[in-house]
Number of protein chains: 2
Amino acid sequence: MTIALLASILNHMVELDAPVLDDIFHALGDATRRRMLHELAEGPRSVGDLAAPFAMSLAAASKHIKALERAGLVRRTIQGRTHLCRLDAGPLATAHAWTAHYQRFWTSRLDTLEALLRQQDATTPPKGD
Amino acid sequence: MTIALLASILNHMVELDAPVLDDIFHALGDATRRRMLHELAEGPRSVGDLAAPFAMSLAAASKHIKALERAGLVRRTIQGRTHLCRLDAGPLATAHAWTAHYQRFWTSRLDTLEALLRQQDATTPPKGD
DNA sequence: GCGATTGTCAACCCGATGGTTGAGGATCAG
DNA sequence: CTGATCCTCAACCATCGGGTTGACAATCGC
């Protein structure tokens with residue numbers, strides 16, 4: 001059963017152009033869901049807890065949670081009548097890995113930024129050290 | 001004018017819960033657009049070049065490119081009758097930074113993975129260092 | 001058993017998205 | 001000037017997404 005876990009993790013790290021990314025990025029493309037993830041980062045939350053901060057019906061919030069589940073970002077355990085949601089950041093690692101693939105295209109800009117700051121530093125009168 | 005560039009870059013790195021992220025993640029949530037970015041990583045491409053690999057009309061591809069532009073991922077320069085598109089990875093850095101914020105929630109799992117691999121390594125007969 | 005609580009489900013509304021086609025504005029080649 | 005090329009724009013269509021409401025299943029407290 002640890003094998004399944006391993007396969008799941010490795011799959012997340014490798015499969016970079018899959019439809020999985022559609023679900024992940026789609027889930028992240030909504031401020032409400034990002035705020036929910038932010039909340040879940042503090043610990044497990046019930047559906048009601050997650051819905052509370054928003055001016056929307058419980059059903060609407062439930063849909064958002066389902067979107068997060070479809071992306072694999074949230075897992076749910078049912079305890080009695082309350083549904084306990086917890087964060088699963090694995091898919092976020094996938095998204096992170098995908099964006100990292102393009103890192104060389106912005107690091108050059110950051111190097112430029114650093115150079116500009118250094119230059120500006122040189123032109124401004126030094127205030128000691 | 002370098003000030004504007006600086007402000008743009010810094011803004012990208014800081015503004016983490018802005019509606020900008022909506023556009024960025026939404027742009028990334030489509031396989032067609034991700035493939036376009038992949039192509040643009042090779043160098044500047046015309047609209048026709050970007051549309052060619054896909055079984056869709058030029059107008060449809062044009063809409064995808066507009067979505068990428070809205071997210072700031074693509075900038076366009078018009079040369080005669082052809083529109084030259086080039087990658088701007090700055091917003092990708094923003095997305096990268098956002099996901100990084102949750103890194104501690106998956107690194108633990110990766111540590112588990114590493115531990116499992118190490119353990120497996122120890123149990124398999126070593127083939128000479 | 002009964003009422004209150006938690007949450008899903010289904011139907012519905014409406015704006016956004018992704019696709020098409022057709023028309024047309026520029027520009028390049030001749 | 002003329003025709004071909006590149007691309008956008010507008011109209012249209014189907015589907016999706018996010019929101020609502022109302023009904024209902026299941027559980028907890030009593």
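Letters go in sequence order (proteins before strands), and every chain restarts at 1.
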- [ ] Please identify each residue that fulfils side chain to side chain contact (heavy atoms under 4.5 Å, CB included) with H26(A), with sequence neighbours left out.
- [x] R33(A)
Open item on the list: Just to be sure I understand the geometry, which residues of residues 36-48 of chain B put a non-hydrogen atom under 4.0 Å away from DNA chain C?
Closed with: none
Open item on the list: Under the ring pair (Phe, Tyr, Trp, His ring centres under 6.0 Å) definition, can you give me all pairs with a residue in residues 54-97 of chain B, not counting sequence neighbours?
Closed with: H96(A)-H96(B), W106(A)-H96(B)
TODO: Would you jot down, in residue-number order, the residues of residues 51-67 of chain A having a non-hydrogen atom under 4.0 Å from DNA chain D?
DONE: A55(A), M56(A), S57(A), A59(A), A60(A), K63(A), H64(A)
Open item on the list: Within residues 76-83 of chain A, which residues have any heavy atom lying less than 4.0 Å from an atom of DNA chain D?
Closed with: G80(A), R81(A)
Open item on the list: Testing L50(B), V74(B), L87(B) one by one against L68(B) for a side-chain contact (heavy atoms from CB on, under 4.5 Å), which residue passes?
Closed with: V74(B)
Open item on the list: Just verifying a value: how many Å separate L28(A) CG and L28(B) CG, rounded to the nearest 0.5 Å?
Closed with: 9.5 Å
- [ ] Return the orientation label for the F25(B) and F25(A) ring planes: parallel under 30°, perpendicular over 60°, tilted otherwise.
- [x] parallel
Open item on the list: Main chain of A95(A), side chain of T99(A): is a donor-acceptor contact present, judged purely on distance under 3.5 Å?
Closed with: yes
Task: Carboxylate-amine/guanidinium contact R75(A) E69(A), below 4.0 Å - done: no
Task: Non-hydrogen atoms of M56(B) and A60(B) that approach each other most closely - done: SD-CB, 3.7 Å
Open item on the list: For P44(B), is there any backbone N or O sitting under 3.5 Å from a side-chain donor or acceptor partner on R86(B)?
Closed with: no
Open item on the list: Any non-hydrogen side-chain atom of T94(B) less than 4.5 Å from a side-chain atom of L21(B)?
Closed with: yes
TODO: Can you pull out how bent the helix from dG1(C)-dC30(D) to dG30(C)-dC1(D) is, comparing the axes over its first five and last five pairs, to 10°?
DONE: 30°
Open item on the list: Rounded to the nearest 0.5 Å, what separates atom CG in L37(A) from atom CZ in R34(A)?
Closed with: 9.5 Å
TODO: Kindly work out whether a path of hydrophobic side-chain contacts (I/L/V/M/F/W/Y, heavy atoms less than 4.5 Å apart) joins L58(A) to L84(A).
DONE: no
